[in-house]
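Given the structure is predicted, the values throughout are model-derived calculations rather than measurements.
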Amino acid sequence: MASKSIRLYNTLTQSKQPFVPLEPGVVRMYVCGPTVYHHLHVGNFRSFVIFDTLARFFEGQGFRVLRVQNFTDIDDKMIARAKELNVSVPELAERYIAQYAEDAQALAIEEPYAAPRPTEHIEEIVSHIGDLVAKGLAYPLEGDVYFRVSAFPGYGKLSHQTSEERLAGARVEVDERKEEPADFVLWKGSRPGEPNWPSPWGPGRPGWHIECSAMARCYLGDTLDIHAGGQDLIFPHHENEIAQSEGLLGHPFARYWLHAAMLTMDGAKMSKSQGNIVPLSDLRVRYRPQAIRLFLLSAHYRTPLAFREELIEGSEAALTRIENCLTRLGHLLPHAAPDDKGDQSYLEHLEHAERAFDEALSDDLNTAQAQAVLFNVVREANTLLDVDSAQSVIRQADSFLRRSLATLGITLAEDAVELGDEVERLIAEREQARRSRDFQTADRIRDDLRAKGIVLEDTPQGVRWHRG
RNA sequence: GGCGACGUAGCCAAGUGGUAAGGCAGAGGACUGCAAAUCCUUUACCCCCGGUUCGAAUCCGGGCGUCGCCUCCA
C-alpha cells in the first residue's frame, strides 16, 4: 500500500513534501499567535483552528506534538490601544489574553505546550539581537537596532521575491536613516512614557519579528519542524524571522513553512483594518462553536474561505445531522442483535472509511475531503439503521464518528442524562395516551415538553428525546 | 508594476489525465396517528478560446474576472 506518510505543502519549496520530523515521533511546531490588543475575529481563528487540527491529527497518528503559540503583548498597536482605553499595556494584554482563552476554549483549541509572551523573554530577545550585531548582521542606529538585510544572502527565499523586486512596487515611505530600505527593526528605542526595557542600545522594546525567532528557539530549539501562520505573515514577518534566525545560527530555522489562506467577507480578506470583521466572541453566542469550527474546516486550509453567517447556519444543520446519527446509534444499540459478526461487508466498509479519513488528512490536511468521508459514513449508517442493525456495526460506526470528530476537534456536548422525575412522568403519560390513541393529549404533552426544550421523537424502538 | 493563488451546481466546497466528493438550501416521493428523525429521487455545457493527448475540470499557451502579499494583519 502507499506509504502512510503525511504530506504537507511547504511555502519554502512551493511543493508538497512528505513530513519527516527531525526527531522521530516528535513534532516541534510554532504557530504565530495573535497580538492581544482587541477582540479576535473569526478570520484570526481560522488559522488557529487549522493548526490545532493538524496537531490533533499528528497526535492521533502517534506523534508527540510540541506546539507553541505566542501572544504578542508589546508593540505599537498595543501601546496605542492601551492609551485609547486608558489602561496600561500589561492590563490590556491580560484582558485580551483572557478573551482569547475563552474563545479558544469554545472552539476546543487545545492548550499549547507553551504560550510565551515577548515581555517575559526580553532577556533572550536582547541577547539574540546582541549576537546579530556582533556578527555584523545588525546595526544600532540612534537607540534602535536594525537588521542588515544585505548581510543575509537568503533574504527573499520564503516569499520568493528579492528586495529589489519588491522595491519596484514599493509605495511605502522609506526611513532614510536606514542603510537599505529593506532593513527592518529589531529593537525600538522607546519614547517618553512608553513601556521599555534596558538594553545595550538604550531603553526600548523588541521589534515584532524578533520575538518569534527568540521564543521559538527558547522552547523548541534551533530548528523547528513546522512554523505556521496565516498567509499574510509570509512577508515580511516570516521572511524576517528566517533572516534573524538563520543569519545567526547558520542552519534552517524551520523545515516546513505552513500558511493558512484568509477568511473572506464579500470577496475581501476579513481584517480589522478593512473594518469587515466579525468578532468570535459575538459569533459564538449566536451559533454553536462546534458548528463554527466545522465551518472553518469545511475548505482546504490553503484555499480562501468565504464567510457569511448563513454558512454557519448550514454548518449547524450539518452538525445536528451528525449528532442525530450518534443519537440513533446510541438509542438503537440496546435493541440491536448481539451478533458479533455484524454485517461483514459494512464493517469492511467502515475500515475503508477510516483509512480514507486518515488519508485525506495525510494529504496536506485536506479537512474538506475528511468531512466528506465522515458524512458518507453518517448517511450509510443511517441507511443501515433504517433496516437492520447489529451491535458490532453500531459500535464500530459510533467509534469511527467519535474518533473522526475528535480529530477535527468537534467536541460534542453530551446531553445531560438526567431528565427529572416530572419530565419522565410526562413522557410516560404521553406514551399511555398514544397507546390509547388519545393523540390530542399526546401532542399536548409533546408541545409542552418542546417548550421546555425537550424534543420527543417516536421511533419503532420507543420514544427518544434530545434537548433542542 | 513585482510575487503568489484562484475561477467547479442556488450557495459553500473536494477532486491535478479516464466523462464530477461532501455539506447547506430547493423540489418530488417513502416511512409516521401527526410530527421529528431517516432514506430514495432530482439540479453541473467544471470562466472563455486555442493546443497536447486515444482521452483534460485536471497538462501547456492566450484572454477575461477575482483575491492575497509587497504597509499592521491569522
Legend entry - Nearest-0.5 Å distance, CG of residue A:L426 to CD1 of residue A:I454: 9.0 Å
Legend entry - Watson-Crick or G-U wobble mate for B:rC34, both contacts under 3.5 Å: none
Legend entry - A:L319 CG - B:rG23 P separation (whole Å): 14 Å
Legend entry - Sugar-phosphate, base or nothing in reach of A:A261, heavy atoms under 4.0 Å: base
Legend entry - A:H41 side-chain proximity, nearest of B:rG23, B:rA74, B:rA5: B:rA74
Inset, instruction - Select base, sugar-phosphate, or nothing to describe what A:Q14 touches, counting heavy atoms under 4.0 Å on all strands. - result: sugar-phosphate
Legend entry - side chain to side chain donor-acceptor pair (under 3.5 Å) evaluation trace for A:D364 with A:H300: CA-CA 9 Å; A:D364 196 27; A:H300 180 82; 3.3 Å; yes
Inset, instruction - Sort out the partner of B:rA27 for me: Watson-Crick or G-U wobble, both distances under 3.5 Å, none otherwise. - result: B:rU41
Inset, instruction - State which of B:rA21, B:rA5, B:rC69 makes the closest approach to the side chain of A:F235. - result: B:rC69
Inset, instruction - Determine which nucleotide pairs with B:rG1, using a 3.5 Å limit on both distances of a Watson-Crick or G-U wobble pair. - result: B:rC70
Inset, instruction - Name the nucleic acid region contacted by A:G43, choosing base, sugar-phosphate or nothing; use a 4.0 angstrom heavy-atom cut-off, strictly under. - result: base
Inset, instruction - Could you pull out all residues at least two apart from A:Y100 that satisfy ring-ring contact (aromatic ring centres under 6.0 Å, His included)? - result: A:F45, A:F48, A:F71
Inset, instruction - Using the C1' atom as the reference point in each nucleotide, state the distance between B:rC49 and B:rC11 in Å, no decimals. - result: 29 Å
Legend entry - Donor-acceptor pair (no angle test) under 3.5 Å: A:Q161 side chain, B:rG2 base: yes
Inset, instruction - Mind checking ring-ring contact (aromatic ring centres under 6.0 Å, His included) for A:Y9 and listing every partner two or more places apart, or none if nothing turns up? - result: none
Inset, instruction - Using the P atom on both, measure B:rA37 against B:rA27 and round to a whole Å. - result: 15 Å
Legend entry - Opposite nucleotide pairing with B:rC6, Watson-Crick or G-U, both atom distances under 3.5 Å: B:rG65
Legend entry - Any A:K269 side-chain N or O less than 4.0 Å from OP1/OP2 of B:rA74: no
Inset, instruction - Please state the C1' separation for the pair B:rU66 and B:rC31 - nearest whole angstrom. - result: 46 Å
Inset, instruction - Whole angstrom is fine here: how far is it from CG in A:L280 over to C1' in B:rA74? - result: 13 Å
Legend entry - Same-atom distance (C1') from B:rA25 to B:rU16, integer angstrom: 30 Å
Legend entry - Base-pairing assignment for B:rA20 (Watson-Crick or G-U wobble, both under 3.5 Å): none
Inset, instruction - Look up atom CZ in A:R177 and atom CG in A:D144, then write down how far apart they are to the nearest 0.5 Å. - result: 5.5 Å
Inset, instruction - Do nucleotides 32-37 of chain B as a string where each nucleotide becomes B, S or -: B if the base has a protein heavy atom under 4.0 Å, S if just the sugar-phosphate does, - if no protein is that close. - result: -BBBBS
Legend entry - Contacts of A:R284 that satisfy salt bridge (Lys or Arg N to Asp or Glu O under 4.0 Å) - sequence neighbours left out: A:E102, A:D103
Inset, instruction - Round to the nearest Å and state the distance from A:M265 atom CE to B:rC67 atom P. - result: 15 Å
Inset, instruction - For A:R308 and for A:E313, locate the closest nucleotide of RNA chain B by heavy-atom distance; then report the residue assigned to the nucleotide nearer the 5' terminus. - result: A:R308
Inset, instruction - Report the distance from atom CG of A:L361 to atom C1' of B:rG22, rounded to the nearest whole Å. - result: 14 Å
Legend entry - CZ-CD distance between A:R46 and A:Q231, expressed to the nearest 0.5 angstrom: 8.5 Å
Inset, instruction - Quick one: label A:S159 by what it contacts on the DNA or RNA (base, sugar-phosphate, nothing), any heavy atom closer than 4.0 Å. - result: sugar-phosphate
Inset, instruction - Can you check each nucleotide of nucleotides 13-18 of chain B against protein heavy atoms at under 4.0 Å and return B for base, S for sugar-phosphate only, - for none, in 5' to 3' order? - result: SSS---
Inset, instruction - For B:rU52 and B:rG15, measure between their C1' atoms and round to the nearest Å. - result: 22 Å
Legend entry - Between B:rC60 and B:rA20 - C1' atom distance, rounded Å: 23 Å
Inset, instruction - For A:F152, enumerate each residue passing the ring-ring contact (aromatic ring centres under 6.0 Å, His included) test, keeping only those at least two apart in sequence or located in another chain. - result: none
Legend entry - For atom CD1 of A:I234 and atom P of B:rC72, their distance in whole Å: 15 Å
Inset, instruction - Can you tell me the distance, in whole Å, between the OH atom of A:Y287 and the P atom of B:rG23? - result: 21 Å
Legend entry - Minimum-distance nucleotide to A:A268 side chain [options: B:rC72, B:rG22, B:rG68]: B:rG68
Inset, instruction - Taking ring-ring contact (aromatic ring centres under 6.0 Å, His included) as the test, write out the residues that go with A:F184, two or more places apart. - result: A:F147, A:H209
Legend entry - B:rU19 versus B:rG61 - spacing of their P atoms, nearest Å: 26 Å
Inset, instruction - With sequence neighbours excluded, tell me which residues meet side-chain hydrogen bond (donor to acceptor under 3.5 Å, both in side chains) with A:Y287. - result: A:E309, A:E313
Inset, instruction - Report the distance from atom CD of A:Q231 to atom P of B:rC67, rounded to the nearest whole Å. - result: 15 Å
Inset, instruction - Could you tell me how the ring of A:H38 sits relative to the ring of A:Y96: parallel (under 30°), tilted (30 to 60°) or perpendicular (over 60°)? - result: parallel
Legend entry - Integer-rounded Å distance: B:rA74 C1' and A:L40 CG: 8 Å
Legend entry - Interatomic distance at P, B:rG63 relative to B:rC3, whole Å: 15 Å
Inset, instruction - Searching all strands shown, indicate the nucleotide that pairs with B:rC59 (Watson-Crick or G-U wobble; both distances under 3.5 Å). - result: B:rG51
Inset, instruction - Return each pair, listed once, that meets ring pair (Phe, Tyr, Trp, His ring centres under 6.0 Å) where at least one residue sits in residues 308-334 of chain A; pairs must be two or more places apart or across chains. - result: A:H331-A:H335
